[in-house]
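Inspection log for the structure reproduced underneath, given as structure tokens.
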Amino acid sequence: MNKIIDGKQFAQELNTNLKISINQLEGKRKPKLVILQVGDNPASNKYIKNKLNACAKVGIIGELKKFEEEISQKKLENEIIKIIDDNEVDGIIVQLPLPKHIEEQLIIDLIPAGKDADGFNPQTLGNVMLNNSKIFPATPYGILKLLEWKKIDLIGANVVIVGRSNIVGKPLANMLINKSATVTICNTKTKNLKDICKEADILISAAGVANLITKEFVNNNMTIIDVGANFVDGKYCGDVDFDNVLEEVKHITPVPGGVGPMTIACLLQNTFTLYKEKENL
Ligand code: NAP
């Protein structure tokens with residue numbers, strides 16, 4: 001049995017189907033996603049390039065609005081309001097991190113739920129919690145889709161999430177609870193992390209710490225989803241000591257090629273959902 005969950009392959013399948021749906025929008029305008037960037041962070045430049053390429057491949061108009069690093073909070077907010085008011089813009093995402101002088105949450109809160117392609121707006125997150133949303137934060141959305149694609153049973157599953165961020169751990173926990181999983185969320189203060197992880201049917205690591213999850217944290221029936229995106233000696237890797245853990249578990253996502261491509265695919269799914277809502281399709 002192939003243990004590796006190929007997120008790249010599934011993301012390509014989702015993107016192909018999305019491209020077909022967008023091609024069928026004969027005579028209608030195309031969906032449009034705007035990416036907001038402040039400054040010139042090299043990692044952000046790379047992520048943005050990937051997102052714009054993905055937009056182009058499926059037929060979504062992707063546009064980068066780049067502001068200088070020194071822009072004031074007020075000026076940035078005014079510029080964003082202009083973009084929000086543009087009727088042809090369906091989705092807006094804010095490329096994080098923002099410079100230190102900008103209040104990140106205020107900027108995120110500014111993006112209305114109807115254009116919130118990232119799924120980070122408090123209203124969107126509230127609806128996710130209430131199991132009443134069509135938009136989901138892209139990374140948790142991608143993880144759920146991967147688990148469903150691999151037919152990994154969530155009902156009653158013991159899921160352990162390492163990480164409680166607003167963009168991964170917390171919304172993911174809510175989405176899994178809504179699927180009737182039993183969820184434990186861990187953080188840096190958690191006692192006996194290894195013992196808690198070892199009991200999981202599904203272990204999702206979103207800590208951002210390379211080699212945090214070693215073979216002592218896993219069991220033979222476990223599915224591991226590695227969300228981590230770390231650079232060690234110039235090499236991109238996740239949170240899991242992949243080479244040593246692979247033999248010990250049932251399923252595992254690789255880094256690269258696991259959660260990353262699914263995050264982008266789900267961002268595009270969100271954009272298309274927002275477009276359809278706007279166009280009453
Ligand atoms: P974050 O905001 O830094 O949150 C990390 C979380 O992990 C925090 O809750 C932290 O606990 C917890 N944590 C860190 N070290 C830990 C440890 N040793 N034991 C237990 N808990 C620990 O990060 P994030 O934005 O959620 O992202 C997490 C990772 O996923 C990063 O590597 C990020 O680059 C990656 N990521 C990848 C994608 C993708 O598409 N591939 C998307 C999003 C994020 P405290 O709250 O106690 O500090």
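Order of appearance sets the numbers: ligands from 1, and atoms from 1 within every ligand.
- Side chains of K145 and Q269: no donor on one and acceptor on the other come within 3.5 Å.
- K82 forms no cation-pi arrangement with F67, by the criterion of a distance under 6.0 Å to the ring centre and an angle within 45° of the ring axis.
- Its side chain within the 4.5 Å cluster rule, V58 clusters with L18, I22, L25, L33, I35, I48, L52, I60, L64, I93, L267, L268, F272, Y275, L281 among the Ile, Leu, Val, Met, Phe, Trp and Tyr residues.
- Partner of V259 under the side chain to side chain contact (heavy atoms under 4.5 Å, CB included) criterion, out of I5, V227, I204: V227 alone.
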(request) Apply side-chain contact (heavy atoms from CB on, under 4.5 Å) to K57 and N15, showing your working. (result) CA-CA 8 Å; K57 278 192 189 146; N15 290 344; over 6 Å; no

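- Protein residues having a heavy atom under 4.0 Å from any atom of ligand 1 are T139, V162, G163, R164, S165, I167, V168, N187, T188, L193, A206, A207, G208, V209, L212, V227, G228, A229, N230, G260, T263, listed by chain and number.
- Under 4.0 Å is where a charged nitrogen must lie from a carboxylate oxygen, and between K276 and D90 no such pair does.
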